[in-house]
Amino acid sequence: MRPLRVWLLLLLTQRISAILLLRPGGFLYDFSEYYTFWRYAQLFAEGFWPYRDFWLEYPPLFPLFNQAVYAFSLSFPPLPDARFWHHLFLSLSLIPFDLAALAL
């Protein structure tokens, strides 16, 4: 059980340090899928439904989760970029899933 705690702690510190280095348009998520998730959330906010109006490769609950994160991120002013809060909250909310996947 002790090695699992070490791996979970390492993954947690890696994810949090990656989030702290987050900068829209640069650094760690230049070529990640966060921009795609942001665009899908915008489409959903405009009235388009996933799996009906556009195709997604992700599990069916993820677009709704992404939309909830996007709606929450609109409550904050766009600091350096409009994508900043969405990327930050989405990456923070996915940390428990990463830890659970490692534990399993």
Side-chain angles (χ1 to χ4, degrees):
M1 190 63 174
R2 189 175 191 109
L4 179 62
R5 290 182 189 166
V6 172
W7 282 108
L8 289 175
L9 183 64
L10 285 173
L11 181 67
L12 180 67
T13 55
Q14 185 271 335
R15 294 293 186 203
I16 290 177
S17 63
I19 291 169
L20 292 177
L21 293 174
L22 176 82
R23 182 183 70 93
F27 294 143
L28 293 178
Y29 70 87
D30 263 342
F31 304 103
S32 73
E33 293 183 327
Y34 283 105
Y35 181 74
T36 306
F37 298 153
W38 182 64
R39 296 295 294 162
Y40 283 148
Q42 282 184 328
L43 283 174
F44 190 64
E46 292 174 8
F48 297 102
W49 283 84
Y51 308 110
R52 186 188 76 183
D53 297 320
F54 60 92
W55 175 252
L56 287 174
E57 303 85 20
Y58 307 103
L61 291 179
F62 183 74
L64 298 175
F65 177 74
N66 186 29
Q67 176 58 27
V69 170
Y70 178 74
F72 181 69
S73 70
L74 292 178
S75 304
F76 298 90
L79 282 176
D81 190 4
R83 301 172 290 169
F84 177 77
W85 292 112
H86 177 260
H87 290 14
L88 179 67
F89 294 139
L90 185 64
S91 57
L92 285 175
S93 63
L94 291 178
I95 286 177
F97 297 105
D98 287 338
L99 295 176
L102 180 66
L104 291 175

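Shown here is Phe76, whose CZ atom has more than 12 heavy atoms of other residues, nucleotides or ligands within 6.0 Å.
In this structure, Ile16 is a member of the same hydrophobic cluster as Phe89, with clusters built from ILVMFWY side-chain heavy atoms closer than 4.5 Å. In the hydrophobic cluster analysis, where Ile, Leu, Val, Met, Phe, Trp and Tyr join through side-chain heavy atoms closer than 4.5 angstrom, Ile95 is grouped together with Phe65. Residues Leu8 and Leu10 fall within the same hydrophobic cluster, defined by Ile, Leu, Val, Met, Phe, Trp and Tyr side chains chained together at heavy-atom separations under 4.5 Å. Phe97 and Leu61 end up in different hydrophobic clusters when Ile, Leu, Val, Met, Phe, Trp and Tyr side chains are linked at under 4.5 Å. Leu64 and Phe37 fall into different hydrophobic clusters, defined by Ile, Leu, Val, Met, Phe, Trp and Tyr side-chain heavy atoms under 4.5 Å apart, directly or through other members.
Of all heavy-atom pairs spanning Leu102 and Trp7, the tightest one is CD2-O, 3.5 Å. In terms of heavy atoms, Leu99 sits closest to Leu11 at CD2-CD2, 3.8 Å. Across all non-hydrogen atoms, the minimal contact from Val69 to Ser93 is CG2-OG, 4.2 Å. Between Ala103 and Leu4, the shortest heavy-atom contact is CA-CD1, 3.9 Å. Nearest heavy atoms, Leu88 versus Ser91: O-OG, 2.9 Å.
Looking at Tyr34 and Leu94, their side chains come closer than 4.5 Å, going by heavy atoms from C-beta outward. In this structure the side chain of Leu56 never reaches within 4.5 angstrom of the side chain of Phe62, judged on heavy atoms.
Once rounded to the nearest 0.5 Å, the distance linking CG of Leu12 with CZ of Arg5 reads 14.5 Å.
A donor-acceptor contact shorter than 3.5 Å is absent between the side chain of Trp38 and the backbone of His86.
A salt bridge (Lys or Arg N to Asp or Glu O under 4.0 Å) check over residues 64-78, counting only residues at least two apart or in different chains, returns nothing. Residues in residues 41-56 take part in these side-chain hydrogen bond (donor to acceptor under 3.5 Å, both in side chains) pairs, two or more places apart or across chains: Arg39-Gln42. Legend: salt bridge (Lys or Arg N to Asp or Glu O under 4.0 Å) pairs involving residues 56-70, not counting sequence neighbours: none detected. For residues 68-79, no pair satisfies side-chain hydrogen bond (donor to acceptor under 3.5 Å, both in side chains), with sequence neighbours left out. Listed by first then second residue, pairs satisfying salt bridge (Lys or Arg N to Asp or Glu O under 4.0 Å) with a partner in residues 95-104 read Arg15-Asp98, not counting sequence neighbours.
The ring-ring contact (aromatic ring centres under 6.0 Å, His included) search around Phe54 returns Tyr40, not counting sequence neighbours.
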